[in-house]
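FYI, side chains are in, hydrogens and waters are out, and symmetry mates aren't considered; it's all heavy atoms of this structure. The first residue of the sequence shown is numbered 1, and numbering continues consecutively from there.
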Amino acid sequence: MALLKETYIDLKNSFAELETLSLALKKFGDDHHLSLKVIMDVNLALDEIFTNIVSYGFKDSDEHLINIHLLIDKKELIIKIEDAGIPFNPMDIPGPDLDAPLAERKAGGLGIHLVKRKMDEMHYQRRQGKNILLLKKKLI
């Protein structure tokens with residue numbers, strides 16, 4: 001019986017869930033023989049996105065769910081991240097000025113910049129009160 005090439009990860013908006021996320025990604029990568037580079041790039045991206053959602057995504061301190069769907073389609077890993085937090089489109093965040101002296105750089109934006117660099121595609125939409133971020137990573 002072939003392994004299903006997808007998985008769903010439901011996490012609470014808590015930093016304690018970062019380990020659960022990392023372990024689930026590692027298991028998915030091992031089960032589907034993904035390269036270490038792909039797993040490391042995706043782990044970095046998911047860590048950054050998840051941390052941003054937990055840090056800034058909700059106006060209250062209530063428990064909320066963050067849903068992550070991993071799917072292998074041909075030679076591509078597709079990652080869908082959904083949350084019902086405040087609207088936030090990471091595509092609207094300008095890249096940091098990496099040429100400016102360190103003391104003159106504005107805080108923020110570096111994590112999203114890294115996600116954009118590590119992923120092959122990144123798309124955002126707001127639908128039915130949810131942020132939906134789609135990331136794609138080639139498996140070649």
* **Nearest-0.5 Å distance that lies between atom CG in L46 and atom CG in D41** => 11.0 Å

* Around E19, counting heavy atoms of other residues, nucleotides and ligands shown, do more than 12 lie under 6.0 Å from its CD? -> no

* Of all the heavy-atom pairs spanning H64 and D62, show the shortest one and how long it is. => CD2-O, 3.1 Å

* Structure fact -> Here the gap from F28 atom CZ to L23 atom CG, rounded to the nearest 0.5 Å, amounts to 15.5 Å

* Asked: Is there a chain of hydrophobic side chains (I, L, V, M, F, W, Y, each step under 4.5 Å between heavy atoms) that links L21 to V54?
  -> yes

* **Same cluster (ILVMFWY, side-chain, under 4.5 Å), I49 and F58** => yes

* Polar side-chain atom of S22 near backbone of L18 as donor-acceptor pair, under 3.5 Å -> no

* Asked: Would you say the side chains of H123 and E121 form a donor-acceptor pair under 3.5 Å?
  -> yes

* Are L134 and I72 connected in the hydrophobic side-chain network, where two residues link if heavy atoms are under 4.5 Å apart? -> no

* For side chain to side chain contact (heavy atoms under 4.5 Å, CB included), just list the numbers for M91 and M122, CA-CA rounded to whole Å, side-chain angles, deciding distance to a tenth of an Å, and then say yes or no. => CA-CA 8 Å; M91 303 303 294; M122 187 169 169; 3.5 Å; yes

* Roughly how far apart are K26 NZ and N43 CG, rounded to 0.5 Å? -> 11.0 Å

* NZ on K27 to OG1 on T7, rounded to 0.5 Å -> 8.0 Å

* With hydrophobic residues grouped by side-chain heavy-atom distances under 4.5 Å, do L77 and Y124 end up in a single group? -> yes

* Asked: Can you check whether K130's main-chain N or O pairs, donor with acceptor, with R127's side chain at less than 3.5 Å?
  -> no

* Using side-chain contact (heavy atoms from CB on, under 4.5 Å) as the criterion, point out the one residue from V42, L139, L70 that pairs with L34. => L139

* **side chain to side chain contact (heavy atoms under 4.5 Å, CB included) between N67 and Y8, worked out** => CA-CA 7 Å; N67 311 105; Y8 294 88; over 6 Å; no

* Structure fact -> Between S55 and F15, the two heavy atoms sitting closest are OG-CZ, 3.3 Å

* **Shared hydrophobic cluster for L135 and I132 (ILVMFWY, side-chain gaps under 4.5 Å)** => no

* Structure fact -> Residues D120 and K138: closest non-hydrogen pair is OD2-N, 2.5 Å

* **Main-chain N/O of K12 paired with E17 side-chain donor or acceptor, under 3.5 Å** => yes

* Structure fact -> Given the options N13, I81, N131, I53 meets side-chain contact (heavy atoms from CB on, under 4.5 Å) only with I81

* **Nearest-0.5 Å distance, CG of residue L133 to CD1 of residue I79** => 9.0 Å

* **K118 side chain vs L44 backbone, donor-acceptor pair below 3.5 Å** => no

* To do: Provide the closest heavy-atom pair for M119 versus A45 in the form atom of the first, atom of the second, distance.
  => CE-CB, 3.8 Å

* Asked: At their closest point, which heavy atom of I86 faces which heavy atom of Y56, and how far apart are they?
  -> CD1-O, 3.4 Å

* To do: Step by step, work out the side chain to side chain contact (heavy atoms under 4.5 Å, CB included) result for I78 and E76.
  => CA-CA 6 Å; I78 301 168; E76 189 171 58; 4.1 Å; yes

* Exercise: identify the closest heavy-atom pair between G29 and I39 -> CA-CD1, 3.4 Å

* Where do N52 and I112 land on the side chain to side chain contact (heavy atoms under 4.5 Å, CB included) test, with the steps shown first? -> CA-CA 9 Å; N52 282 348; I112 297 296; 3.5 Å; yes

